[in-house]
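Let me begin by presenting the structure, written as structure tokens, before commenting on it.
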Amino acid sequence: MSNAIETRHLRKLYRRRREPDLLALEDLDLHVREGDIFGFIGPNGAGKSTTIKILIGLVRPTAGEALLFGEPCGTPASRRHLGYLPETAVYHEFMAVGELLDVHARLAGVAPAQRKTRCQEALEIVHLEDRAQTLLRELSKGMRQRFGIAQALIARPPLLVLDEPTSGLDPLAQLDVKNIILRLKGQGITIFFSSHQLTDVELICDQIGILHRGRMLRCGNLRELLEDSAEVEVRFRGGPAQLPGREVLEQGADRVVRLPREESDALVDHLREAGAHLVGLQVARRSLEQAFFEITRTSGEVEER
Amino acid sequence: MSPVLVLARLYITESMRRQLHLITLFLAVLMLVLPTLFNAFGMTGFDRVTKDVGLTLLSLYAVGMALFLGSTALPGDLEHRTLHPLLARPISRMQYLLGKFLGYLVVMGLSMAVLGLALLTALAVLGTRADPAVLIPVALSVLEAGVLGAFCLFASTFCSPALAGVLGCFLYIVGGIPQTFITFFLSSGSTQVQGAVVRAIRLFMPHFDVLHLKDPIVHGEAVPEAYLLAAVAYGLVWMLLFLLLADWSFERRDL
């Protein structure tokens with residue numbers, strides 16, 4: 001399967017006059033396969049939006065290269081393949097929904113004969129078909145976000161780039177957007193999106209990249225990210241009810257202890273000597289949220305050292 | 001329809017619906033037409049005064065709108081981030097700028113046409129024979145607004161809208177000083193260094209006085225056709241130059 005997005009050694013340094021220069025991205029290698037949903041997560045200022053802007057061509061990289069379906073980013077040719085939803089979606093507020101969608105269809109090069117159908121189709125996907133005549137300034141935030149997705153879809157692009165699509169939306173609107181993304185996934189569209197909603201990312205994405213201070217800390221599928229835990233879970237029966245320096249959890253007949261991997265051998269030996277019966281030993285399952293905090297915290301500590 | 005035309009249409013539609021432009025146009029028309037009421041006092045030669053004042057008003061309107069619209073068009077889109085989804089389309093930044101500029105020119109052209117008609121109407125009410133020559137300075141005001149707007153657009157690619165407006169104002173004032181003034185200054189006791197500075201400054205800015213034909217028209221003097229063509233070509237070259245500079249600067253900017 002070929003890559004929809006590929007970046008090699010991408011670097012972005014923002015030169016600033018009154019403050020020190022800001023290194024937004026450093027040596028970013030990214031490979032997003034066609035048909036995947038790629039979730040791009042990281043704290044504020046991690047470089048997510050900069051990466052997206054480089055992919056769109058709004059920002060020029062300082063070094064390295066970025067390709068969309070093999071075309072260098074920033075060229076009109078590369079933008080033929082993508083639909084883009086900006087982070088803070090603001091549109092021409094004096095235009096009607098259908099009118100502005102038509103403008104986007106024309107700019108995207110949709111053939112005149114297909115324009116009306118495409119506009120209708122895009123509005124149906126986001127459930128705004130009855131709002132074609134409404135002015136954009138009269139839409140709610142959630143509706144505007146859905147319009148944003150409609151304009152991104154107008155040319156039926158094989159790649160959608162969504163910058164925090166659920167940001168600032170109420171739970172119902174978030175659910176709407178999430179369902180739309182899941183439906184688009186079913187149509188085989190590659191989706192690259194940044195988000196702070198880690199539970200959504202966990203549910204939707206095939207691949208996840210964790211970005212922190214401009215560097216990609218981890219990238220892989222959910223299982224790889226969650227299994228790559230520094231802790232293991234030891235489950236046993238009988239034996240000591242308490243262990244020095246460890247919290248022992250009672251789960252039915254079992255007792256469970258979590259501890260760093262490198263200490264598990266010693267604990268198992270100790271439990272056997274104490275007459276415990278070992279029931280299981282497994283990598284501790286974490287949520288994406290836990291993994292995210294752990295990975296970014298560890299990275300921060302390493303950098304501070 | 002090419003992307004440039006689509007974007008121009010978007011600019012025109014937005015501009016009309018925002019109504020700010022329509023309100024200023026309405027006020028300008030009012031100011032043009034009001035003098036006809038004063039003719040009730042029977043002032044001799046009032047038609048010439050109306051022509052003079054009217055054309056001056058038109059020129060000021062064109063310059064004011066050029067400074068305002070030219071310096072705010074791009075920063076407005078940047079500030080409201082309306083340009084991000086547009087630039088994510090398969091269009092170049094040059095096409096975006098050209099679309100915006102073409103829309104601006106059409107809006108200015110239409111506004112000046114309305115004002116020109118209002119002036120002709122005012123003159124007709126005063127009993128003056130409709131003289132189409134009055135429209136020559138009107139058309140040249142559009143061209144002047146084009147040059148100034150293109151400069152402000154260029155300036156707004158690298159500085160704030162306020163500064164772009166101030167720079168545009170400076171360009172208009174210095175570029176509008178008549179050549180006779182400059183010649184007089186250079187020949188009347190200016191040092192060599194002063195002369196060189198003035199010549200250098202004048203060399204790198206458009207001479208708006210070339211486009212100022214109000215006085216000869218008001219006084220009924222004929223303007224040679226060759227001069228008119230040369231003046232239009234001169235304005236168009238400067239406009240193009242500023243647009244190229246705007247594109248050069250905008251292409252390098254992170255958005």
Side-chain angles (χ1 to χ4, degrees), chain A residues 12-15 24 49-50 52-62 71 74-96 99-110 112 115 135-137 147-148 150-152 154-155 157 160-161 163, chain B residues 1-23 72-100 102-104 107 157-160 163 247-255:
Chain A
K12 179 64 191 177
L13 181 74
Y14 287 107
R15 301 233 173 252
S49 289
T50 298
I52 286 178
K53 283 181 175 180
I54 288 175
L55 296 178
I56 307 299
L58 298 173
V59 166
R60 304 268 186 272
T62 310
E71 298 269 5
T75 58
S78 73
R79 291 195 285 264
R80 281 190 199 287
H81 306 294
L82 71 87
Y84 169 56
L85 175 76
E87 180 185 350
T88 319
V90 180
Y91 301 96
H92 297 74
E93 53 179 11
F94 289 94
M95 302 288 284
E99 216 174 10
L100 190 57
L101 211 50
D102 181 68
V103 167
H104 278 280
R106 286 169 192 266
L107 291 176
V110 175
R115 266 202 306 265
L135 289 183
L136 276 144
R137 64 176 171 164
F147 169 80
Q151 62 81 25
I154 196 71
L160 266 187
V161 177
D163 197 354
Chain B
M1 202 189 280
S2 88
V4 174
L5 295 180
V6 174
L7 290 165
R9 206 173 75 165
L10 179 64
Y11 180 91
I12 296 163
T13 313
E14 271 252 287
S15 178
M16 293 300 150
R17 290 193 188 158
R18 278 189 191 277
Q19 295 181 349
L20 175 70
H21 196 94
L22 292 178
I23 291 167
T72 56
L74 183 62
D77 278 5
L78 274 167
E79 191 190 337
H80 301 122
R81 299 190 187 183
T82 45
L83 100 168
H84 289 193
L86 296 176
L87 284 182
R89 297 289 164 210
I91 60 167
S92 65
R93 291 191 184 185
M94 181 59 159
Q95 284 175 315
Y96 177 79
L97 284 180
L98 282 180
K100 224 130 186 91
L102 183 62
Y104 155 78
V107 168
T157 58
F158 60 85
C159 65
S160 70
L163 187 55
D247 178 54
W248 174 80
S249 169
F250 190 44
E251 286 285 350
R252 274 149 192 79
R253 185 169 172 174
D254 286 337
L255 303 172

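Labels below follow one simple rule: chain letters A, B, ... track the order of the sequence lines, proteins then strands, and each chain is numbered from 1.
Among residues two or more places apart in sequence or in another chain, the ring pair (Phe, Tyr, Trp, His ring centres under 6.0 Å) test is passed with Tyr11(B) by none. Residues satisfying the salt bridge (charged side-chain N to carboxylate O under 4.0 Å, His left out) test with Lys53(A), not counting sequence neighbours, are none.
With a 4.5 Å cut-off on side-chain heavy atoms, Met95(A) and Arg17(B) count as touching. Side-chain contact between Arg81(B) and Pro86(A): absent, with no pair of heavy atoms (C-beta onward) separated by less than 4.5 Å. For the pair His92(A)/Thr13(B), no side-chain contact is recorded, criterion being any heavy-atom separation below 4.5 Å from C-beta on.
Heavy-atom minimum distance, Ala88(B) versus Leu82(A): O-CD1, 4.2 Å. Summarising the geometry of Pro76(A) relative to Ser92(B), their closest heavy-atom pair is CG-N, 4.1 Å, with the distance given to 0.1 Å. Tyr91(A) and Thr82(B) get closest at one heavy-atom pair: C-CG2, 3.7 Å. For the pair Val59(A) and Asp254(B), the tightest heavy-atom approach, listed with the atom from each and the gap, is CA-OD1, 3.4 Å. The shortest non-hydrogen separation linking Leu58(A) to Arg93(B) is O-NH2, 3.2 Å.
Rounding to the nearest 0.5 angstrom, the gap separating the CG atom in Asp163(A) from the NE2 atom in His84(B) is 10.5 Å. Arg60(A) CZ to Glu251(B) CD: the interatomic distance, rounded to the nearest 0.5 Å, is 5.5 Å. Separating the CD atom in Gln151(A) from the CG atom in Leu86(B) is a distance of 8.5 Å, to the nearest 0.5 Å.
The contact between Arg253(B) and chain A is made entirely by backbone atoms, counting heavy-atom distances below 4.5 Å. Contact of Leu100(A) with chain B is made through the side chain alone, with heavy-atom distances under 4.5 Å. With a 4.5 Å cut-off on non-hydrogen atoms, Glu79(B) does not touch chain A at all. Contact annotation for Leu83(B): neither backbone nor side-chain heavy atoms come within less than 4.5 Å of a heavy atom of chain A. Contacts between Ile54(A) and chain B at a heavy-atom distance below 4.5 Å are absent for every atom of the residue.
When the candidates Ala152(A), Ala108(A), Gly83(A), Ala155(A) are compared by the number of heavy-atom contacts under 4.5 Å with chain B, Ala108(A) comes out ahead. Each of His104(A), Arg80(A), Glu93(A) has some count of heavy-atom pairs under 4.5 Å with chain B, and the biggest count is that of His104(A).
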* Where do Arg89(B) and Val103(A) land on the side chain to side chain contact (heavy atoms under 4.5 Å, CB included) test, with the steps shown first? -> CA-CA 11 Å; Arg89(B) 297 289 164 210; Val103(A) 167; over 6 Å; no
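A donor-acceptor contact shorter than 3.5 Å links the side chain of Arg79(A) to the backbone of Ile91(B).
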